[in-house]
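See structure below.
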Amino acid sequence: MEQLVFTPTQDTPEVLLNKEKGIFKIAGNSFSEDPFTVYARVFSWIKEYAAGPNQETNFQFRLNYINTASSKQIVEILKMLEGIKKSSKVNVEWHYQEGDDDMLTEGQELSHMFNLDFDFIEY
Amino acid sequence: MHKVRGRLLCIVAVLACSVAMYGQQLKKKGLTGTAKEQFEHFSGLVEQNKKEGNKVQQADYLNKIAYLFWESGSSEDAVEYFKVSVDLNKEIGNDNGLQAIYTNIGLIYFDDKVFDQALKYFNLSLDINRHANKSRNICGNLINVALTHGEMDNFKKAVDILDEAYKISLELNDIRLMKTCLGMLYEYHENLGNSQQSVGYFNKYSALDKKIQQATLNKMEQETEIVRQEKLQTERKLQETFDTLEVRQQQIENLNLQSELERRQKELLEKEREVLVKESEAQKKVFRTTLIAFIGGVVSILIILLIIIINYRRNKKTNILLENKNVEIGNQRDIIEMANKNITHSINYAQRIQKALLPPANELKKLIPESFVFFQPRDIVSGDFYWFSKTKIHSVISESVLSDIKEMLPEKKVVIDEGIVISAVDCTGHGVPGAFMSMIGYNLIHEIISMGIVEPSKILSLLNVGIRNQLKQRETDNHDGMDMAICRIDTQNNKIEFAGAKNPLVYIKNGELTLVKGDFLPIGGFYSDNDEREYSKHVIEIDAPITCYLYSDGFADQIGGLEGKKFMSKNFRQLLLDISQEPMEEQQRILDNKLKEWIGTSFSQVDDILVIGFKLYPFK
């Protein structure tokens, strides 16, 4: 399965999805006016991945600033990850910057919404 | 690259083998046929000279035997014989012979890819030549050493050695050596990744190559000239002969020696024919040379012309394309500029509508004298908005009779409660989409409060239903919504009622900051499918002077500082605590300055920013 890579821009995040290496990562800023262009590719990648996932799926979010539109895309991703749980051990790593209570809270709220294991990691 | 390498090897081999122009085509092991006979013959001579003590001859024949083996591909035997010869040459002190043999041994090892040995012998030869100060040999040795290093991928070392060799070749003004050095320098620098040097040497190499070709051409011309001169000379001689003959003929005629004359005439004819033949040959030669030169010249000119024409046409084509593109880009720029102008105009007009709808920020002072609204949209129109109004709750005589008499008694309601509702709202998105949302939100709040509903938590619940209805969120995949904080100041009971959809209330009382978090659910949008959302109701007593702040997340989320980090809620709350004792105007000014400072020059505002602050004292 081909990897999906987006280099970060000022308002779109870094994306690295690589099944072979077991790397699933979204990092940086995400406040594009139209985040769907980036996330649509992420969704279709995960959809394909869901057909035959690895034994373990450790999905990393390492976000600095996300706007409301982007956080909805994150919700979509988490929904999809919940769907993979039957065939893969899914874990969500939620990284937040030291002192960024907002990002921690956002992650905690998301963890309540989904039946997924969350690790909260300060960086 | 391979071409250059091939040529290089060839040149180096020619150089180094100048002592012995023995080919290496025969790769058969052992000596056969004539070679075997020669071997036996030379071996005999070696023995004979040995007996006679003639070491020079002995060494010479040993070398010849070594060449036989080399020629036949028996490199080990060749080396063995060369080595015996080396000892003899050492004894007789024949350094010149020694350096040549060392080079030969080096070449054999080089061909056999035994590079360390090759290097050893090339260096031995080099030492001798350095000692004897023979520049041309030194240069040849250095090239061999460099080539060996090159084969061993020691390009750095090879380049260092070549630098010296090239210097010597320049001193010698030996074009062939220079060309060899340049070709190798070009190749090795390229291998080292020094593209700049590599290109430099390649250009020098090409220039030299051209020079050599030019020299060959000149030589050809010179030869043609010589032939022409020869021809002229022959003609002159012929003329002289003629002249002599004529005189003789006259004499003969005079002497009337007919037979002699005939004989002479015959001779003359013969000579004439010879000359004619010679002349025609010379002419042919000249013609051939001239023809070759001419054809060569014409072909070169044609090729150059062709290249020029192709380039010209390509450039012309590119220019035309570029011009077309420029015109196209120009047109598009005009269109975009026009569109941008139109859009900006229309947004500016939208801003006027938005401004007309929102109460002026300083209107809040009429309701609460100590207050400020720090409102800084990211774009022309905003997705954040504030709402404030004085409210009146009318009592009705009785809940049960309400439905019956409502139509009849609208004016008989009695004001039993007065308050102020203040709200800071952050709609999804900013700019035009945010502004659309803000219109819907603003009107819904207005509508709800006009219905007499002033309790913050109820306002939020109804707003949620309203947004979901208006945007048909049950039927479509629309997920837009609002985060907001809303307060009602109950002036009669000295209380503040608060409810929050995601956004909090911060208040400072007795120098202490309290954060009242909003509920997790926003208004409208994504998270829940059911319409019935209950929002928590918070009540804060106004028993001492209290400064309250309502805000959107724009300030805390602003990217800036040195590393492009968010300002962060924690720091924002600390900032509010720090400035809470200042007069309200001053507080607004500090917020403005802090924000500008944080954004700096490297960043720009990422979202709409709204902060409302107000200070209350217990009401009598």
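Numbered from 1 within each chain, the chains take letters A, B, ... in sequence-line order. Values below: all heavy atoms of this structure, side chains included; hydrogens, waters and symmetry mates excluded.
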*asked:* I need the D553(B) CG to E106(A) CD distance, nearest 0.5 Å.
replied: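 CD of E106(A) is found 9.5 Å from CG of D553(B).
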_Could you measure the distance from the CZ atom of F520(B) to the OG1 atom of T105(A)? Nearest 0.5 Å is fine._
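Reported value, rounded in 0.5 Å steps: 11.5 Å.
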*Would you name the heavy atoms of N64(A) and G564(B) that are closest together and state the gap between them?*
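The pair with the smallest heavy-atom distance is ND2-O, 3.2 Å.
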*Give a yes-or-no answer on whether the side chains of S569(B) and D101(A) include a donor-acceptor pair shorter than 3.5 Å.*
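On atom types as modelled, these side chains do not qualify, holding no pair under 3.5 Å.
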*With only heavy atoms counted, which part of Y65(A) is less than 4.5 Å from chain B, the side chain, the backbone, both or neither?*
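Both parts, backbone and side chain.
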*What part of N29(A) lies closer than 4.5 angstrom to a heavy atom of chain B: side chain, backbone, both or neither?*
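Only the side chain of N29(A) comes within 4.5 Å of chain B.
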Within a radius of less than 6.0 Å around [atom1] of [X], do more than 12 heavy atoms belonging to other residues, nucleotides or ligands occur?
X	atom1	value
F436(B)	CZ	no
E122(A)	CD	yes
F120(A)	CZ	yes
K594(B)	NZ	no
E98(A)	CD	no
Q10(A)	CD	no
K25(A)	NZ	no

*Should the pair E109(A)-K502(B) be classified as a salt bridge under the 4.0 Å nitrogen-to-oxygen rule?*
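A salt bridge is present here (some side-chain N lies under 4.0 Å from a carboxylate O).
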*Show your reasoning for whether side chain to side chain contact (heavy atoms under 4.5 Å, CB included) applies to K566(B) and M103(A).*
CA-CA 10 Å; K566(B) 288 191 294 189; M103(A) 195 52 78; 3.5 Å; yes
_Choice from K570(B), M568(B), K565(B) maximising heavy atom contacts with chain A below 4.5 Å_ =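 Max contact count across the listed options: M568(B).
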_Exam field: side chain D557(B) to backbone I66(A), donor-acceptor pair closer than 3.5 Å_ =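 Not a single qualifying donor-acceptor pair exists.
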